[in-house]
Novice: 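Below are the structure tokens for one structure; questions will follow.
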Amino acid sequence: YPEVPSDEYLERIRMKAEQAGVAISGTGIRNNFASPDPSVRASGVALAKEWIVAASKMHAPVIRLFAGEIPEGYEQKWDEVAGWMVECFRECAAFGEKYGVKIGIQNHGDMLQNAGQCLKVLKAVDSEWAGLIIDTGSFTTSDPYNDIELLVPHAVNWQVKEFTMGDGIRQRTDFPRLIRIIKKHGYKGYLPVETLRMKGQTYDPFFLVTGMLFELDKAIKAE
């Protein structure tokens, strides 16, 4: 993830998207708010603030932030690490409010692996400028759709993936089921999709994204 480009570059991106009829649903950074090193966390907050400003210039409503990997030696100290994360998310949310950009906390199979953990962190952050980016492919529970359903009311954006990975078992996403859950809870925002390169397989994103969008659109129209 790069440093923030020039204002001129950001404006070119915004104008090109506008001319193409493409909405910029959000942007994001890679950060580690779960690091035991305060300087690492502070660096992530500083980068998030820079990109919040950039997001506002591109008219992007949300910035994606990670929690961070479980630090070595803290495997049984989730609450302690979560406290560091919450402090960072609060600071970012307060800054985002000044620029009209919400922070989206994404579950990434790291410190945030299930709905309960996501909700606990979001409640502790306690800000209207913080929500969740639901990564459908990163729940580690036996039925990821149960986690998804619990989190839909708090979603500010999504990462809809081709596969779920509940209990480490890779299964094709059930798009009709997913859409039923999303519509049930009244979500009206964007549904960005994401394809991933799988080891040993030919990766053609133009083919995969087109097919995935077709399936998703079909499910939306059917439900």
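These values consider heavy atoms only, across backbone and side chains, with no hydrogens, waters or symmetry-generated copies.
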Novice: With a sphere of 6.0 Å drawn around OH of Tyr203, does it hold more than 12 non-hydrogen atoms of other residues, nucleotides or ligands?
Specialist: yes
Novice: How close do Met212 and Val160 get, counting heavy atoms only, and between which atoms?
Specialist: CE-O, 2.9 Å
Novice: Return the CD to CH2 distance between Glu194 and Trp158, rounded to the nearest 0.5 Å.
Specialist: 14.0 Å
Novice: Counting heavy atoms not belonging to Glu128, are there more than 12 under 6.0 Å from its CD?
Specialist: no
Novice: With heavy-atom distances below 4.5 Å as the criterion, would you say the side chains of Leu216 and Ile179 are in contact?
Specialist: yes
Novice: Which pair of non-hydrogen atoms, one from Thr27 and one from Ala55, has the smallest distance, and what is that distance?
Specialist: CG2-CB, 3.8 Å
Novice: Should Met85 and Ile70 be regarded as members of a common hydrophobic cluster, given that ILVMFWY residues are connected when their side-chain heavy atoms come within less than 4.5 Å of each other, either directly or indirectly?
Specialist: yes
Novice: Whether the Ser39 and Asp37 side chains hold a donor-acceptor pair (N or O, under 3.5 Å, no angle test) is what I'd like checked.
Specialist: yes
Novice: What are the two closest non-hydrogen atoms of Ile63 and Gly28, and how far apart are they?
Specialist: CG1-CA, 4.0 Å
Novice: With heavy-atom distances below 4.5 Å as the criterion, would you say the side chains of Lys120 and Trp78 are in contact?
Specialist: yes
Novice: Could you report the tightest heavy-atom contact between Val156 and Gly131, atom names first, then the distance?
Specialist: CG1-CA, 3.8 Å
Novice: Show the numbers, then the answer: is there a side-chain contact (heavy atoms from CB on, under 4.5 Å) between Trp84 and Met111?
Specialist: CA-CA 12 Å; Trp84 306 335; Met111 280 293 296; over 6 Å; no
Novice: Can you establish whether the number of heavy atoms outside Glu75 located under 6.0 Å from its atom CD is more than 12?
Specialist: yes
Novice: Taking the side chain as C-beta and beyond, is there a heavy-atom pair between Val86 and Arg90 under 4.5 Å?
Specialist: yes
Novice: To the closest 0.5 Å, what do you measure between CG (Leu132) and CD1 (Ile148)?
Specialist: 12.5 Å
Novice: Any chance you could lay out the salt bridge (Lys or Arg N to Asp or Glu O under 4.0 Å) test for Glu8 and Arg12, step after step, and finish with the verdict?
Specialist: CA-CA 6 Å; Glu8 291 76 17; Arg12 288 204 302 272; over 6 Å; no
Novice: For a side-chain contact (heavy atoms from CB on, under 4.5 Å) check, start with the C-alpha distance between Leu122 and Phe89, then their side-chain angles and the critical distance, and finish with the verdict.
Specialist: CA-CA 9 Å; Leu122 189 63; Phe89 287 136; over 6 Å; no
Novice: Roughly how far, to the nearest 0.5 Å, is OG1 of Thr140 from CD of Gln117?
Specialist: 7.0 Å
Novice: Could you tell me whether Glu87 atom CD has more than 12 heavy atoms of other residues or ligands within 6.0 Å of it?
Specialist: no
Novice: Rounded to the nearest 0.5 Å, how far apart are CZ of Phe175 and CD1 of Ile182?
Specialist: 10.0 Å
Novice: Once you round to the nearest 0.5 Å, how far does OG of Ser6 lie from CD of Glu11?
Specialist: 10.5 Å
Novice: Look at the side-chain heavy atoms of Ile, Leu, Val, Met, Phe, Trp and Tyr, link any pair under 4.5 Å apart, and say whether Phe207 and Val209 land in one connected group.
Specialist: no
Novice: Does Val121 share a hydrophobic cluster with Leu65, counting links as ILVMFWY side-chain heavy atoms below 4.5 Å and allowing steps through other members?
Specialist: yes
Novice: In terms of hydrophobic clusters joined by side-chain contacts under 4.5 Å, are Leu112 and Leu119 together?
Specialist: yes
Novice: Heavy-atom distance under 4.5 Å between the side chains of Cys118 and Ile105, does that happen here?
Specialist: no
Novice: Look only at the side chain of Asn157 and the backbone of Ile133, and say whether a donor-acceptor pair between them is shorter than 3.5 Å.
Specialist: no
Novice: Evaluate the ring planes of Phe66 and His108, with Trp represented by its six-membered ring, and classify them as parallel (under 30°), tilted (30 to 60°) or perpendicular (over 60°).
Specialist: tilted
Novice: For Lys49, I'd like to know if atom NZ has over 12 heavy atoms of other residues, nucleotides or ligands within 6.0 Å.
Specialist: yes
Novice: Would a 4.5 Å heavy-atom cut-off, applied to side chains only, mark Ile13 and Ile24 as touching?
Specialist: yes
Novice: Inspect the contact between Glu215 and Lys218 and indicate whether a charged nitrogen and a carboxylate oxygen are less than 4.0 angstrom apart.
Specialist: no
Novice: Which of these, Asn114, Asn146, Asp147, sits in a side-chain hydrogen bond (donor to acceptor under 3.5 Å, both in side chains) with Thr141?
Specialist: Asp147
Novice: Let me confirm one number: the NZ-CH2 distance from Lys98 to Trp129, rounded to the nearest 0.5 Å.
Specialist: 13.0 Å
Novice: Between Glu18 and His59, does a side-chain contact (heavy atoms from CB on, under 4.5 Å) hold up when you go through it step by step?
Specialist: CA-CA 10 Å; Glu18 183 177 300; His59 298 179; 5.9 Å; no
Novice: Where is the tightest heavy-atom contact between Ile220 and Lys183, given as atom of each residue plus distance?
Specialist: O-NZ, 2.6 Å
Novice: Could you please spell out the steps behind the side-chain contact (heavy atoms from CB on, under 4.5 Å) verdict for Tyr187 and Ile134?
Specialist: CA-CA 12 Å; Tyr187 178 80; Ile134 302 178; over 6 Å; no
Novice: Using salt bridge (Lys or Arg N to Asp or Glu O under 4.0 Å) as the criterion, point out the one residue from Arg197, Arg172, Arg170 that pairs with Glu162.
Specialist: Arg172
Novice: Can you tell if the side chain of Lys57 reaches within under 4.5 Å of the side chain of Val53, non-hydrogen atoms only?
Specialist: yes
Novice: Got Asn31 and Trp51 here, is their nearest side-chain heavy-atom distance under 4.5 Å?
Specialist: no
Novice: May I ask you to check whether Tyr145 and Thr164 show a side-chain donor-acceptor distance below 3.5 Å?
Specialist: no
Novice: Salt bridge (Lys or Arg N to Asp or Glu O under 4.0 Å), that's the test. Do Arg41 and Glu91 meet it? Break it down for me.
Specialist: CA-CA 11 Å; Arg41 302 197 300 270; Glu91 186 173 347; over 6 Å; no
Novice: So, for Cys92 and Ala48, which heavy atoms are closest and what is the spacing to 0.1 Å?
Specialist: SG-CB, 3.7 Å
Novice: Can you get from Val62 to Val125 by hopping between Ile, Leu, Val, Met, Phe, Trp and Tyr side chains that sit under 4.5 Å apart?
Specialist: no
Novice: Measuring only between side-chain heavy atoms, which start at C-beta, is Ser138 closer than 4.5 Å to Lys161?
Specialist: yes
